[in-house]
Amino acid sequence: MESWSNAKLCDVANLILGAFLFFSPWIFVFEDGKVSQNAAIAGIIIAVLAIAALSAFAVWEEWLNLIVGLWALISPWVLGFQGSTTPRTVHVIVGALVAILAAVELWIMSQTPPRLTATR
């Protein structure tokens, strides 16, 4: 049962990171356009997946969180962020943390898979 609490902590952390990424264009005054849009969209997706995982865990949610985290990590180079390094730094740090948390949660679940039925 301890693994479930650790998995939920990962989901709560992903929820916070998703919200932070969503609000980062306003916190750090990113330029309008693809930088702000990418932060908002990726942040929403990460937060929604974290909420879904908190309400009813499914492995596919963690795989999607891993993919979105990796996207946030590489998006500054794929989209060619120009100007300030702050948006790049925020995307890389949040993306890396989300990807690591999703990988940790997938590893936790592979070690002790959740029981779908009650034991008698």
Side-chain angles (χ1 to χ4, degrees):
M1 195 64 173
E2 182 181 332
S3 65
W4 274 107
S5 63
N6 290 337
K8 291 210 183 274
L9 287 175
C10 289
D11 292 328
V12 169
N14 274 338
L15 176 61
I16 293 167
L17 289 167
F20 177 75
L21 187 59
F22 175 78
F23 288 112
S24 65
W26 294 282
I27 295 170
F28 298 109
V29 191
F30 292 178
E31 63 185 56
D32 289 337
K34 61 186 170 188
V35 175
S36 295
Q37 291 172 351
N38 189 65
I41 292 169
I44 288 171
I45 293 170
I46 291 167
V48 167
L49 289 171
I51 291 168
L54 283 167
S55 64
F57 177 80
V59 174
W60 61 268
E61 294 160 348
E62 297 312 319
W63 282 107
L64 286 178
N65 242 345
L66 179 64
I67 291 167
V68 177
L70 291 173
W71 167 253
L73 177 68
I74 65 167
S75 64
W77 293 278
V78 174
L79 298 176
F81 288 9
Q82 302 296 324
S84 174
T85 59
T86 303
R88 183 178 311 125
T89 303
V90 169
H91 276 81
V92 168
I93 291 172
V94 171
L97 289 173
V98 168
I100 289 168
L101 287 170
V104 165
E105 194 164 351
L106 287 167
W107 181 79
I108 289 170
M109 289 301 123
S110 73
Q111 298 302 306
T112 54
R115 292 192 177 153
L116 299 177
T117 58
T119 57
R120 292 181 187 197

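- In this structure, I100 CD1 and L66 CG are separated by 10.5 Å, a value rounded to the nearest 0.5 Å.
- For the pair F81/T86, no side-chain contact is recorded, criterion being any heavy-atom separation below 4.5 Å from C-beta on.
- Annotation for A39 and S24: closest pair CB-OG, 3.9 Å, computed over non-hydrogen atoms.
- From I27, atom CD1 reaches atom CZ of F22 across 10.5 Å, with rounding to the nearest 0.5 Å.
- Under a 3.5 Å cut-off, the side chain of S36 and the backbone N or O of G33 do not form any donor-acceptor pair.
- Residues V68 and A42 share a closest heavy-atom pair of CG1-O, 4.0 Å.
- Hydrophobic clustering of Ile, Leu, Val, Met, Phe, Trp and Tyr side chains at less than 4.5 Å, counting indirect connections, unites I41 with V35.
- What you find for E62 and A102 is that their closest heavy atoms are O-CB, 3.6 Å.
- One distance of note links CG of L97 with CD1 of I46; it measures 10.0 Å at 0.5 Å rounding.
- Taken together through direct or relayed side-chain contacts under 4.5 Å among Ile, Leu, Val, Met, Phe, Trp and Tyr, F20 and W26 form part of one hydrophobic cluster.
- Taking CG of L49 as the start and CG of N14 as the end, the distance is 9.0 Å to the nearest 0.5 Å.
- Between P76 and R88, the shortest heavy-atom contact is CB-CG, 3.6 Å.
- In W107, the CH2 atom is not crowded: 12 or fewer heavy atoms of neighbouring residues, nucleotides or ligands sit closer than 6.0 Å.
- The cluster map of Ile, Leu, Val, Met, Phe, Trp and Tyr, joined by side-chain heavy atoms under 4.5 Å apart, puts V104 and L73 in the same cluster.
- In this structure, I67 and W71 have side chains that are not in contact, with every pair of non-hydrogen atoms separated by 4.5 Å or more.
- Minimum interatomic distance between G69 and V98 (heavy atoms only, all atoms of both residues): CA-CG1, 3.9 Å.
- Interatomic distance, I74 CD1 to L79 CG, rounded to the nearest 0.5 Å: 9.0 Å.
- With values rounded to the nearest 0.5 angstrom, N65 atom CG is found 10.0 Å from L15 atom CG.
- Cluster annotation: V12 is not connected to I45 through the hydrophobic network of ILVMFWY side chains, with a link wherever side-chain heavy atoms come within less than 4.5 Å.
- I44 and L17 fall within a single hydrophobic cluster, where Ile, Leu, Val, Met, Phe, Trp and Tyr side chains are chained together by heavy-atom contacts under 4.5 Å.
- Counted within 6.0 Å of CH2 on W63, heavy atoms from surrounding residues, nucleotides or ligands total 12 or fewer; the atom is thus considered open.
- Classified by interplanar angle (parallel below 30°, tilted 30° to 60°, perpendicular above 60°), the ring pair F28/F30 is parallel.
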